[in-house]
Amino acid sequence: MTNKIKTSFLAGPYALWVLICTILPLLYILGYALTTSTGSFTLENLTAIAEPVHLKSLWLSIKVAFLTTVICLVIAYPVALILHNLKITNKGFIVFLFILPMWMNFMLRILAWQIILSNNGILNSILSAIGLPTIHILYTKSAVTLGMVYDFLPYMILPIYNALSKINDQVIEAAADLGANWLTTFTKITVPLSKDGILSGIIMVFVPALSSFVVSNLLGGGKVLLIGNVIEQEFTLARNWNLGSGLSIILMIFVLLSMSIMNKVDDSENGGMLV
Amino acid sequence: MTKVKKGASYFYLGLVFLFLYAPILVLIVLSFNNSMSRTVWGGFTLKWYLNLTANDNIMDALGTTIRITLSSSILATILGTSAAIGIHYMKKRHAAIMLGATNIPLLNADIVTGISLMLLFTRFTPLGEFSVVLAHIAFSVPYVIFNVLPRLQSLSEACYEAAMDLGATPAYAFAKVVWPEIFPGVLSGFLMALTMSLDDFTITYFTKGAGVNTLSTMLYTQLRKGIQPELYALSTILFLLAFVLLLVINYKGEGRKEAHK
Amino acid sequence: GSDAEATDTLVVLNYGKYIESDVLKRFQKETGITVKYEEYEQVEDMYAKYKAGSINYDVICTSDYMIETLRNEGELIPIDYSSLPNYKNIDKQIIDASAAFDPTHEYTVPYFYGTVGILYNTEMVDEETVSSWDSLWNPEYKNKIVMINSQRDAMMVALEKLGYDINTTDKKQLDEAYDLLCAEKKYVYAYLQDETYECMISEDAAMAVCYSGEAAMGMEYNENLSYTVPKEGGNLWIDSWFVPRTCKHYDAAMKWIDFMCEEEAATENFEYVWYATPNTKVAAHEDEETLADETVFPTKETLDRCKLYEAYDDETLNYTTNLWKKLKAY
Amino acid sequence: MEFIQFDHVSKSYDKQLVLDELDLYIKENTFVTLLGPSGCGKTTTLRLLGGFEKPDSGKIYLNGNDITALPANLRPINTVFQKYALFPHMTIEENIAFGLNIQKKSKDYIQDKIKYALKLVNLDGFEKRAIDSLSGGQQQRIAIARAIVNEPKVLLLDEPLGALDLKLRQNMQYELMKIKQELGITFLYVTHDQEEALTMSDTIVVMNQGYIQQIGTPEDIYNEPENAFVADFIGESNIIEGIMIKDELVSFLGVQVPCVDKGFGTMKPVDVVIRPEDVELGYPGKGFMDGVITDCLFKGVHYELDVQCGGYEWLVHTTKYFEIGQHVSLNVIPFNIQIMNKPESEDEEVMKEDD
Amino acid sequence: MEFIQFDHVSKSYDKQLVLDELDLYIKENTFVTLLGPSGCGKTTTLRLLGGFEKPDSGKIYLNGNDITALPANLRPINTVFQKYALFPHMTIEENIAFGLNIQKKSKDYIQDKIKYALKLVNLDGFEKRAIDSLSGGQQQRIAIARAIVNEPKVLLLDEPLGALDLKLRQNMQYELMKIKQELGITFLYVTHDQEEALTMSDTIVVMNQGYIQQIGTPEDIYNEPENAFVADFIGESNIIEGIMIKDELVSFLGVQVPCVDKGFGTMKPVDVVIRPEDVELGYPGKGFMDGVITDCLFKGVHYELDVQCGGYEWLVHTTKYFEIGQHVSLNVIPFNIQIMNKPESEDEEVMKEDD
Ligand SMILES: Nc1ncnc2c1ncn2[C@@H]1O[C@H](COP(=O)(O)OP(=O)(O)OP(=O)(O)O)[C@@H](O)[C@H]1O
Ligand SMILES: Nc1ncnc2c1ncn2[C@@H]1O[C@H](COP(=O)(O)OP(=O)(O)OP(=O)(O)O)[C@@H](O)[C@H]1O
Ligand SMILES: [Mg+2]
Ligand SMILES: [Mg+2]
């Protein structure tokens, strides 16, 4: 018992670190959010979210993030299931197959997507070579969604894979034993038992997708204005840090709200996000 | 029946990996492109690879990147691992608070994190390489913690007690029993921190001092006037290095398992 | 934090890929000054970093209207032109044009300049069509038009088409321009700034509003490309050196600016950057063809059609920023 | 053809042969126990019948139909798994209702069944509890309840009472036998607890290393083991090498003793098996052999003695206490002397296994 | 002062009192077993002695020294944990050598010890194997080996044989007793297997719900249980409410029967305890009561009968087979009738526990 208390002091440096490098910067942002450019107190930067432009881009962000999350889930679940069934003993290997692409610079990878998706790009060349009609996808919302799916897919696969590998095989057998066919077993047993992983995955994808701006900058052709872009532009183009901070705070509150709703769905308390 | 199923699942896996690795293939091809434009195929060349070491700017940026990436991920790993251990043994409520705070960097848009850290650092220290390292630690520590914590949670308390029972001091018991169990988590946390640090642009950009260039920031400032193809070559080399390293580690891991059997 | 006291260092901030690295090396070698060379990609990033005061820059190169903004904010320090022996190399015409943002002519030294116009593919569009900004509203080129991803430049295009002054602060005129841009959005393939020339090289688009420098780069790779400044007129931009208030090494900064004006350095830089140089000595080193290239060196007629931007006052800046945001969200 | 029939079923894992040409017949509505040391293939046999493994060769029939290739969910067979395998995300009620829901039974029917099953396993009122709030023994009982509500034709139970303590185990044994009688289910039961097997079964199948050693009623198995492995595994025995001199006379440890077995031929080497409780101790000289007590352990119901006698250490159970060092005589009535052929193959002789 | 002494030790978890003012004395070099139903506090007692928990109040002495506050690693005590707690990343060899390495023993010494310990637990040749390649029973034996190589003064064993089958369990019981004699270690042993407790112990401590019910030799505990809980927990018993009419005469189920107990007073309500093997069956009318057989189970060594008689279902062990429905008489010799005071507190009466 006493040992435990002693050990928890190991988190001391980190607590200090959190205070300085997480909380303090957050206070700076909060400070900007609650003041005007001349330094007097205001709530305008927070209420600015109600302006049609901001609402519109927030709504678009939610739509894109939601779509991204759904697509990631749909792609990732079978992947995790297949990987699980392959019975690879070395879990670390799986993890690294998915984060390995990050060793190529993110921006380069997105540029590569431009090359693949553009009107005369690789994808359309292949399509026309096999006699299919070409598609116009680059610089549309679809391209932004695709880029986000690409970027965040690993964060969906890994937690689901981990959750699946914690399921006891015998439970699956027991379901079959009680007469459940493949589908019933899947919906009644496998999915509920991997719920924690799915929820982590959803959070890990939805949250960054909501605040992302680089993907929409590079694949949206400046036509897709997400709330992340608005914030970025307030900080740079418009030189209005106060408004940028205000919108960031609102976005954070929004994220926290949606996370706590999701955590309500998940009754178990689970701190870990990734694994 | 099962063969068809197996075939279908391999096909599906293949598609997903194609999706993940297609851009990388494109970039590797580009690194052999004898043209400054990325949309024009100017023939096959190795010159970007051969020129690489002669390009001071890129070599400088590479050096800076390696220094920043390594030191930030090592420090983040140390800080994160000890934090994870501490949090694991904390009271539930305190642990929840710490984890909540840990989540904040993951929730914020990069640019907000970047600018807020810049505001903080300019108060206390001149910007330079060191400030970038601090910033990188700030955003990669959560990944370390979230990799180590589950390991600790699945660690059986009984093993630690058994070690104590056999006469080990707490420190010895930690080194011999706890550490080997959480090490895979520490390692993957470290590698994640490394990768994140390597890949980051936004936060680096705002927290770096004058004249400090990482590969990411260098790439970004070259967007308008064309990216130096040497950078494709360098990225390819880095990627392949990581890939080979992964294969070696995996092969070794398998080998060790075999030996045990 | 010792770099503030050190006399033999210089902190330079410049656009990315805007200097020949040999020139940089040569400067350090010849003067014994260590340069901390910092690059940025977008003017706005530069402004954010500068304003944060995190780094004490000694000398900065940036675009005209941003210099004006900084001047209005009292961020500039006068240049001691007498300590710049090579300043005489700079084209008088460009110095005169700089009056738009440096009316008293005490703060800036021009580095490169150019225009904003249309880069087009002669296979897809004929010269006649692109001779007017109207071509950008032509439904025939739906999804073949690349608009410039810059608030000021896009506004300029719409204002020129409407026949208004590009520096107007009249909200009604700005609103009209905004409506016009909204109408254009459905034809636009993308709003780009960085990848414009790649997009044109690969013939993904038929025409693009872009800077003359980018246009020249694109034309190098695809001979079907051509560049023009439409008849209504356009924008002339000048990137210049200035010394910010944060300067700690004024003498070194002067040495730097002077070095940039030096014949040899300017020539090397020109050949690397390939933008129009205000340095009159460079011409002697270049062949006929280069000098005749209207994309690189705008003709007198073209320059006459073009105007420099003036810095917006805060209110107009806010107003246009909002319009731009609305356009993007439209 | 019998109700359940294994026909030359073989199964290996990683090239290690676990079951070798197994033939097994099970009558309807009987309680059959597979008994054998750890690793002998009991669970494997059960998993083959449950449909969780496919045999490498051979066929399995149920009610005359070849079910070798039938997937688990289509077999009218339910299993109580060795490690419970309850659904951790469901309440107890939902666990029990799982199979019934799949069969689309009515709500009322399901409620009744749950009530009934929980009562049966002595856990009424536990409907809404979460699985992880149960102790091991309680989980095992829920696993039983979950299986029996489906009224399967065959119920497979893999050491279902392993985690329970003696008292509870006895109660559950009793309940299981009641269930069998009430529901008319065929039970295939796996245990390595000999007493449990003897108590509950109609038929016991003794296995070792993938082979069936003996099939018979508990009395057969206990009283007339077919070989030394069975004799030793089912209860403790004194197993002594001897020679069958002629019908009804056997010689071992240097003495000749009358017995009731015949038909072994003359002067044939045999194993002589004598149960410890069948050895009678008397005053020295009163039996067929004399010996000395080397150990005396109190076992509750009886004392367990080691008696050094004729060069063999005899295991003897008595209800009386003897001093260590005391001299005694040994006697066994002819009826209690079991004569067995020497094992012919090496396999049959294996007695000690690696758990 | 005794070798080990618990002095008014109390312990609660989350306000739930698990041990209440426990007093316990253990002599050096004895084999003491804690016996009791699941959840009664056995493991907790062991953990207090091992140093993994601190008592809320009270003191623990070893060899006269107060060790209440001594950390686990400084106590000359080793533990075999209920769930093995082997180090999963080490080979078997490394696991066993762990404690010896800490004591900085020489390489040779360690090697010898490993060889010796593995031989003892019947796993020679397993040195290089990985932990997860072992079955439960093998792991348990490694856990024993790991503890004994350190030659502790006291060895704590928490159900060390739970995962083994009968044969192996008996072998290990034998080995443990041998170890105790050879090494002169004091054993504190936890089990809920009554027979195991009776076989191995010098002293048995019967616990229930945090209280000690009885301490004594196996014979004491079995033959003279101090209350109904002990009687019922140790072996099976018929426990019948009766009235002590006077010394040496008790009345139950409507008959008066002579017994040997005295000193209870007259007309006092008591519990009458009769072991199933002490009931003699005869022809109807020949005993003190008549009844009818309702169940007959073969148990190997004996048959287990249920006899409905005088409104009570008697449990009877005989070596003869009886038909269900047969009428019999019951007889018990006075010596085998145990008379017990009715429990005074509710606590003592609790007999059925939730696993
Ligand atoms: N999935 C598997 N992979 C490899 N070997 C296996 C597998 N399952 C069982 N075995 C091996 O097959 C043999 C028989 O195993 P089985 O589980 O049938 O034994 P068992 O009789 O049920 O033993 P226990 O009493 O320990 O449960 C064992 O040697 C075991 O190691
Ligand atoms: N760490 C703990 N936190 C809360 N309660 C506990 C803890 N450990 C034990 N208990 C409770 O204390 C009581 C005694 O537990 P203990 O483990 O000593 O029982 P036991 O006699 O060893 O039982 P078993 O035979 O099942 O091992 C139980 O009711 C148990 O629920
Ligand atoms: Mg088994
Ligand atoms: Mg216990």
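Within every chain, numbering begins at 1; the chains are lettered A, B, ... in the order of the sequence lines, protein sequences first and strands thereafter. These numbers were taken from a predicted model, which means no experiment stands behind them.
The number of heavy atoms from other shown groups lying within 6.0 Å of CZ (B/F243) does not exceed 12. Summarising the local packing, CZ of B/F17 is surrounded by more than 12 heavy atoms from other residues, nucleotides or ligands at distances under 6.0 Å. More than 12 heavy atoms of other shown residues, nucleotides or ligands fall within 6.0 angstrom of atom NZ in E/K113. Dense packing is recorded around OH of B/Y12, with more than 12 heavy atoms of other residues, nucleotides or ligands lying under 6.0 Å away. Annotation for E/Y13: atom OH counts as buried by contact number, over 12 foreign heavy atoms lying within 6.0 Å.
Listed for the E/H89 side chain is no donor-acceptor partner under 3.5 Å among the backbone atoms of B/V178.
Within the 4.5 angstrom heavy-atom criterion, atoms from both the backbone and the side chain of E/R146 approach chain B. For E/L86, the part lying near chain B is the backbone, with the side chain staying farther off; criterion is any non-hydrogen pair under 4.5 Å.
Closest heavy-atom contact between E/P88 and B/C159: CD-SG, 3.9 Å. Closest non-hydrogen pair, B/A168 versus E/F98, comes out as CB-CE2, 4.0 Å. Contact between B/E161 and E/F52 at its shortest, heavy atoms only, is O-CE2, 3.3 Å. Of all the heavy atoms in E/N150 and B/L166, the pair that sits closest is ND2-CD2, 3.1 Å.
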Output, in order, the C-alpha distance, side-chain angles, deciding distance and verdict of side chain to side chain contact (heavy atoms under 4.5 Å, CB included) for E/F87 and B/Y160.
CA-CA 9 Å; E/F87 306 128; B/Y160 180 74; over 6 Å; no
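Here B/M164 contributes atom CE and E/I102 contributes atom CD1; the two are 10.0 Å apart, rounded to the nearest 0.5 Å.
In summary, the side chains of B/T169 and E/N73 do not present any donor paired with an acceptor at a separation below 3.5 Å, with no hydrogens or angles considered.
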